[in-house]
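This is a predicted model, so every value here is computed, not measured. Hydrogens, waters and symmetry mates are skipped; everything else that's a heavy atom, side chains included, is used.
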Amino acid sequence: MSEMTHLPDLMPVLPELFLAVGAMVLLMIGVFGGPRSSAPVNGIAMGLIAVAALFVLPFGAKLGETFGGSFVLDEYAYFLKLLVLVGSFFAIAMSWAYAKSQSFDKFEYPVLIVLATIGMMLMLSAGDMITLYLGLELQSLALYVVAAINRDSVRSTEAGLKYFVLGALSSGMLLYGMSLVYGFTGHIGFNAISEALSHEGASIGLVIGLTFMLAGLCFKISVVPFHMWTPDVYEGAPTPVTAFLAAAPKVAAMGLLVRVVIEGFQPVTHDWQQVIVFVALASMALGAFAAIGQTNIKRLIAYSSIGHMGYALVGLAAGTEKGVEGVIVYMALYLAMTLGVFACILSMRRKTGMVEEITDLSGLSRTNLPMAVLLAILMWSLAGIPPFAGFFAKWYVFSAAVEAGLYPLAVIGVVLSVVGAYYYLRVIKVMFFDEPAEAFEKMPVELRVVLGLSSLVVIFFALMPGPIVQGAATAAGALF
């Protein structure tokens, strides 16, 4: 008798399986329920994501790996999956009021968000290049569709098409890089690649393959020089979609990039460190200067996100455990700040419809003081001004860079952070010192909740950093 093949242990992949089955059920509800199924599908999708978060918590899943090491569940995956699920949950929640007012109540939207979330969770647990690609493409295909979901809008269709074409190019670069890495090491698993490199060193072909892989991954976090899609897609996509694109997918892509270079290519840190340093510097510079002339709030946040990904990469450039901890803390706080800002952007609604110009915020302090104060706090935090969370996010990555001896990178980062503060302060100036524009309609309850929770994290992080910092430290330790 031949030896029986053992079934893989499915406990580590339970949250993903649960969401996959849930997405299929949601699709059937939407198809057979017709137009009226949008609200129930939204609610059930949020419930699915909330239950998946319970599975992801340490008591709800089993540490380890499955599928022959292709899927890895460790403390690093735990922490970042929780952030992704939080981002996805609030992205659906923030779309409710917009859906009612802008004829955006399509049941496909929450289904696509759930599918993208499955892809992001696979990315964070990738143990080899095959799982990496499967997760990345599942996320990307859902995002291409969701960016162009408003078929009646030329801007939305253009945004989706541009995102798709450039995304296909980045996928090709990533695949080419992975084929070279496999060809020169003979392995697809990150641990096996690392072991091979520690014995044989890096050949020219492998370095070229690694560079192509980094190029493909850098597109997903929209850093220079692979940022060209970001401002147009952010502006053209429906605002709830932009809120989602700016939050959870960035966390997942950054988490994947960190896992790839730390787990797979740590023996050749010097080779990828040069690429990361250049990309970080270029992204911080573009984010600081290109946003200054923007008049559309969504385009401003697009350039802001490019800059923030550059700051996060400063921690990765250090190549140390403290640097990875800094990246994780940065992404957690970036998620909170971004969700809060988009709660305010989604509240920029008048009787005539949604508005997106920065000048539409004129005199907001005299028409809606609570929203003006909280948005100002979020802007201060994004600028990295103490005592708000954004300052400590930058402190963690810059201190890691200094400890690793990357003094020029840290100094330039601080200088560019000061330059970038200008356009955040300009928004505050418009809200508090310009003549009032027409008042916005009342902020919906769900947006108030998101804005309130985001503001609590931003304001009180300095007093209670423990949960995020300790979680990030444990997560970073899993990679070393």
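- For the pair L409 and M284, the minimum side-chain heavy-atom distance is below 4.5 Å.
- Side-chain contact between L339 and M94 is present, with heavy atoms from C-beta onward closer than 4.5 Å.
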Residues S222, K250; criterion side chain to side chain donor-acceptor pair (under 3.5 Å); working and verdict: CA-CA 8 Å; S222 67; K250 292 289 181 71; 3.2 Å; yes

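- Under the 4.5 Å side-chain criterion, counting only non-hydrogen atoms from C-beta, W272 is not in contact with V207.
- Every residue two or more places apart in sequence or in another chain that forms a ring pair (Phe, Tyr, Trp, His ring centres under 6.0 Å) with Y109 is listed here: F104.
- Note that the CG atom of L19 and the CG atom of L26 stand 9.5 Å from one another [nearest 0.5 Å].
- The closest donor-acceptor contact from the side chain of R259 to the backbone of G264 lies at 3.5 Å or more, if one exists at all.
- Listed by chain and residue number, W229 satisfy the ring pair (Phe, Tyr, Trp, His ring centres under 6.0 Å) test with F219 (two or more places apart in sequence, or in another chain).
- The shortest distance between side-chain heavy atoms of L83 and F79 falls below 4.5 Å.
- In terms of heavy-atom proximity, V241 sits nearest to I149 at CG2-CG2, 4.4 Å.
- Contact detail for A302 and P231: the closest heavy-atom pair is CB-CA, 3.7 Å.
- Q274 and H270 share a donor-acceptor pair across their side chains, judged by distance under 3.5 Å alone.
- One N or O on the side chain of S283 and one on the backbone of V224 form a donor-acceptor pair closer than 3.5 Å.
- The CD1 atom of I459 sits 11.0 Å away from atom CE of M464, with the distance rounded to the nearest 0.5 Å.
- Side-chain contact between T242 and I301 is absent, with no heavy atoms from C-beta onward closer than 4.5 Å.
- For D128 (side chain) and T131 (main-chain N/O), a donor-acceptor pair under 3.5 Å exists by modelled atom type.
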Would Q294 and Y423 satisfy side-chain contact (heavy atoms from CB on, under 4.5 Å), going step by step from the backbone distance to the final call? CA-CA 9 Å; Q294 300 304 317; Y423 56 82; over 6 Å; no

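- Note that CE of M173 and SG of C218 are 9.5 Å apart. Values are rounded to the nearest 0.5 Å.
- Residues V397 and A312 share a closest heavy-atom pair of CG1-O, 4.2 Å.
- Side chains of Y330 and M254 form no contact here, defined as non-hydrogen atoms less than 4.5 Å apart.
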Tell me, with the steps shown, if M121 and L85 meet side-chain contact (heavy atoms from CB on, under 4.5 Å). CA-CA 9 Å; M121 294 173 74; L85 288 166; 4.0 Å; yes

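- Judged by distance alone, the side chains of H227 and Y303 never bring a donor and an acceptor atom under 3.5 Å apart.
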Should E137 and S171 be marked as a side chain to side chain donor-acceptor pair (under 3.5 Å) after you check the CA-CA gap, both sets of side-chain angles, and the distance that decides it? CA-CA 8 Å; E137 285 306 295; S171 293; 2.6 Å; yes

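- Atom OG of S70 sits about 9.0 Å away from atom CG of L134, to the nearest 0.5 Å.
- For the pair S125 (side chain) and L122 (backbone), a donor-acceptor distance under 3.5 Å is absent.
- Side-chain atoms of L316 and L313, non-hydrogen and from C-beta on, do get closer than 4.5 Å to each other.
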One pair to check against side chain to side chain donor-acceptor pair (under 3.5 Å): S304 and Y424. What are the steps and the verdict? CA-CA 9 Å; S304 168; Y424 297 116; 2.4 Å; yes

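- In this structure, S198 contributes its side chain and P267 its backbone to no donor-acceptor pair below 3.5 Å.
- By the 6.0 Å contact criterion, CZ on F391 is enclosed, its count of non-hydrogen atoms from other residues, nucleotides or ligands being greater than 12.
- Without hydrogens or angle criteria, W380 side chain to F388 main chain gives no donor-acceptor distance under 3.5 Å.
- No donor-acceptor pair closer than 3.5 Å links the side chain of T117 to the backbone N or O of I49.
- Here the side chain of S417 pairs no donor or acceptor atom with the backbone of G413 at under 3.5 angstrom.
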Any chance you could lay out the side-chain contact (heavy atoms from CB on, under 4.5 Å) test for K220 and L136, step after step, and finish with the verdict? CA-CA 9 Å; K220 301 302 178 184; L136 198 63; 3.8 Å; yes

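- In plain terms, the two heavy atoms of V329 and F461 that are nearest each other are CG1-CZ, 4.3 Å.
- The neighbour count for I204 CD1, taken as heavy atoms of other residues, nucleotides or ligands under 6.0 Å away, does not exceed 12.
- For F55 and F18, the gap between ring centers is short of 6.0 Å.
- Between the side chains of E263 and S194, not a single donor N or O lies within less than 3.5 Å of an accepting N or O.
- Using a cutoff of 4.0 Å between basic side-chain nitrogens and carboxylate oxygens, E356 and K298 are scored as salt-bridged.
- Using a distance-only test at 3.5 Å, with no hydrogens or angles considered, no donor-acceptor pair links the side chain of S454 to the main chain of V450.
- For F480, there are no ring pair (Phe, Tyr, Trp, His ring centres under 6.0 Å) partners at least two apart in sequence or on another chain.
- Below 30°, between 30° and 60°, or above 60°: for F212 and Y176 the angle between ring planes is above 60°, a perpendicular geometry.
- When side chains are defined from C-beta on, I468 does not count as touching I328, because their heavy atoms never get closer than 4.5 Å.
- Note: L378 CG to T338 OG1 = 9.5 Å, rounded to the nearest 0.5 Å.
- Residues L138 and G119 approach most closely at CD2-N, 3.6 Å, considering heavy atoms.
- In this structure, the side chain of T239 does not engage the main chain of L346 through any donor-acceptor pair within 3.5 Å.
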From CA spacing to verdict: side-chain contact (heavy atoms from CB on, under 4.5 Å), L115, M24: CA-CA 9 Å; L115 290 172; M24 297 303 103; 4.2 Å; yes

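- Interatomic distance, CD1 of I262 versus CG of L479, reported as 7.0 Å (0.5 Å rounding).
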